[in-house]
Amino acid sequence: MPNPLDIAVRQKSRVLDISFDDGSSFSIPFELMRVYSPSAEVKGHGPGQEVLQVGKREVGITGVEPVGNYAIKPLFDDGHGSGIFTWDYLYKLGSEQASLWQQYLDRLHAAGFAGDSGRAPGTEVPGAAPKSGCGHHH
């Protein structure tokens with residue numbers, strides 16, 4: 001498994017630059033990281049429970065916390081901070097970026113958003129309940 005040599009958070013361009021010891025390097029947009037966050041809040045608690053993230057085109061990262069020697073936990077400026085991104089997962093996001101973008105846009109279109117309108121700041125999923133907790137009712 002490749003290990004990262006260098007990680008840099010680029011605030012202006014909103015990308016995470018990461019290079020690995022196998023010679024590959026990626027610029028991963030904050031938005032892609034945010035909508036594919038490996039947290040329960042985004043992924044849900046099982047297959048098919050993914051929560052479509054909208055309005056994240058201008059999301060920022062205010063800080064990054066190391067998690068052991070295997071991951072980072074970015075703190076997004078929309079308050080999201082529970083996603084733990086392992087080196088493997090960051091490598092996947094970087095290497096499969098084009099197809100992941102397409103899947104995300106397809107999901108936005110399926111939800112009724114034209115073009116990339118679902119990415120605009122302030123956008124909400126039509127008919128979605130206000131966000132609170134992780135969406136489970138007790």
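Within the 4.5 Å cutoff, side-chain heavy atoms of D78 are placed close to those of R34. Side-chain contact between H80 and L75 is absent, with no heavy atoms from C-beta onward closer than 4.5 Å. In this structure the side chain of I7 never reaches within 4.5 angstrom of the side chain of V64, judged on heavy atoms. Within the 4.5 Å cutoff, side-chain heavy atoms of T123 are placed close to those of F113. With a 4.5 Å cut-off on side-chain heavy atoms, M33 and L16 count as touching.
Scored by the salt bridge (charged side-chain N to carboxylate O under 4.0 Å, His left out) test, R14 finds no partners at all (sequence neighbours excluded).
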Trace of the ring-ring contact (aromatic ring centres under 6.0 Å, His included) decision for F30 with F76: CA-CA 8 Å; F30 295 168; F76 292 91; 7.2 Å; no
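None of E58, E31, Q53 except one satisfies the side chain to side chain donor-acceptor pair (under 3.5 Å) rule with R119; the exception is E31.
One finds the CH2 atom of W87 at 8.0 Å from the CE atom of M1 (value rounded to the nearest 0.5 Å). Considering OH of Y36 and CG of L93, their distance stands at 9.0 Å, rounded to 0.5 Å. Going from atom CG of D6 over to atom CZ of F20 covers 11.0 Å, rounded to the nearest 0.5 Å.
Using modelled atom types, one finds no donor on one side chain facing an acceptor on the other under 3.5 Å when comparing D88 with Y70. Checked by atom type, the side-chain pair D17/S27 shows a donor-acceptor distance below 3.5 Å.
A distance-only check finds a donor-acceptor pair linking the side chain of Q49 to the backbone of H45 [under 3.5 Å].
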